[in-house]
Number of protein chains: 2
Amino acid sequence: MAAEPDFDRTDFAILRLLMKDAWLSNKQIAAAVGLAPSTCHERIKSLRARGVLRGAHAEVDLRAIGFALEAVLLVQLGKLEIDVVDNFVSATATVPEVRGVFLVSGRADLIVHVVARDMEHLKAIISEHFNRHAVVLRVETSVVFNRQQQHVMPLPL
Amino acid sequence: MAAEPDFDRTDFAILRLLMKDAWLSNKQIAAAVGLAPSTCHERIKSLRARGVLRGAHAEVDLRAIGFALEAVLLVQLGKLEIDVVDNFVSATATVPEVRGVFLVSGRADLIVHVVARDMEHLKAIISEHFNRHAVVLRVETSVVFNRQQQHVMPLPL
DNA sequence: ATTGAAAGACCTTGGCG
DNA sequence: CGCCAAGGTCTTTCAAT
């Protein structure tokens with residue numbers, strides 16, 4: 001199903017630049033990787049068409065718009081029927097305050113990253129979207145003190 | 001230090017659009033929020049200047065470039081001297097394979113999201129960047145089966 | 001696959017309601 | 001604050017190498 005495209009050094013360079021800053025103009029990228037703007041443009045179009053470049057998202061300071069609290073929920077589920085679990089994952093992902101959902105092995109079945117305005121809001125989210133569901137056995141809430149996120153290629157080369 | 005700027009409905013609309021798709025042109029955004037392009041441009045500039053809009057990052061399919069494995073590490077630390085911890089968090093955040101680091105309350109002190117090419121690579125990352133450090137007491141590794149991430153405003157309005 | 005050139009669209013600023 | 005208008009810049013396509 002997945003094609004077998006190999007990427008050369010230039011493709012990686014383009015992806016790396018766009019991961020760091022998606023607002024770079026095509027002209028800037030072309031100059032940085034040593035290509036003509038038209039060539040660079042074709043490369044980027046190809047990467048998009050192949051599904052490697054999926055899009056871009058603005059980074060917004062959520063604290064500035066009133067979301068002062070962040071938490072990670074370690075959720076333990078009950079009966080692990082695949083359909084029920086997948087449905088719950090999908091439903092969880094659509095909650096606006098949820099930033100990410102991970103279905104994982106190990107002690108927790110679900111790891112959920114959420115933002116909230118304050119403690120009361122966080123309580124409401126957990127109560128409404130997690131504790132209310134029968135599939136959820138237990139939720140362990142970890143408040144986030146500090147966070148750092150990377151938007152770089154996971155390759156030194 | 002932080003001012004208390006209030007955002008109107010239009011600012012939220014702009015931020016919401018850019019979080020979903022940072023490749024939208026200024027003209028498109030202006031049309032979507034019902035402003036002239038020049039006015040919309042001024043709004044966006046202001047949001048950037050105020051630090052609300054921090055940048056944009058391309059979304060790359062990491063599996064397409066050879067990173068087939070994803071994991072969440074629940075890291076327990078030893079002596080919680082603030083300097084030591086902060087330094088370790090910063091050091092961890094600079095590891096290329098690390099996507100995010102969360103310093104949290106609860107059972108785990110650190111929650112780390114990593115990508116890897118395969119199991120051996122994951123083993124190497126944990127061994128080199130976590131188990132080797134004296135501050136790390138224990139690492140519990142959760143392999144990610146499924147993941148969904150949201151790039152939307154955490155506001156229904 | 002890469003390039004340069006051309007046309008068109010867009011961004012960006014300044015002046016005005 | 002918001003809009004219009006104008007200049008300058010960039011994107012985007014295409015024929016050629």
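Everything quoted here is computed from the prediction, not taken from an experiment. In the text below, chain A, chain B and the rest are named by the order of the sequence lines, each starting its count at 1.
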* Distance, rounded to the nearest Å, where A/Gln28 contributes CD and D/dT11 contributes C1' -> 13 Å
* To do: Among C/dC10, C/dA1, C/dG4, find the nucleotide with the atom closest to the side chain of A/Arg43.
  => C/dA1
* To do: For the residue pair A/His121 and A/Glu97, confirm or rule out a side-chain donor-acceptor distance under 3.5 Å.
  => yes
* Asked: Any side-chain N or O of B/Lys45 less than 4.0 Å from the OP1 or OP2 oxygen of C/dT13?
  -> yes
* Asked: Is B/Ser90 reaching over with its side chain to a backbone N or O of B/Asn87, donor-acceptor style, under 3.5 angstrom?
  -> no
* Sub-3.5 Å donor-acceptor pair from the side chain of B/Arg99 to the main-chain atoms of A/Val152, do we have one? -> yes
* Asked: With respect to the phosphate group of C/dC11, does any side-chain polar atom (N or O) of B/His41 fall under 4.0 Å of OP1 or OP2?
  -> no
* Asked: Which nucleotide in the set D/dT11, C/dT12, C/dT3 lies at the smallest distance from any side-chain heavy atom of A/Lys27?
  -> D/dT11
* Using only heavy-atom distances, decide whether a donor-acceptor pair under 3.5 angstrom links the side-chain of B/Ser25 to the base of C/dC10. => no
* Of the nucleotides D/dC3, C/dT2, D/dT12, which one has an atom closest to the side chain of A/Asn26? -> D/dT12
* To do: Measure the spacing between CZ of B/Arg50 and CG of B/Asp11 and express it to the nearest 0.5 Å.
  => 5.5 Å
* Asked: When you match B/Ala36 and A/Pro37 each to their closest nucleotide on DNA chain D, which lands nearer the 5' end?
  -> B/Ala36
* **Protein-nucleotide distance (A/Ile14, atom CD1; C/dA1, atom P), rounded to Å** => 13 Å
* From the list D/dG2, C/dC11, C/dT3, which nucleotide is the closest neighbour of the side chain of B/Thr39? -> D/dG2
* Round to a whole Å and report the spacing from CD of B/Glu42 to C1' of C/dG17. => 16 Å
* Structure fact -> Checking C/dC10, C/dT3, D/dG2 against the side chain of B/Leu35 (C-beta onward), the nearest is D/dG2
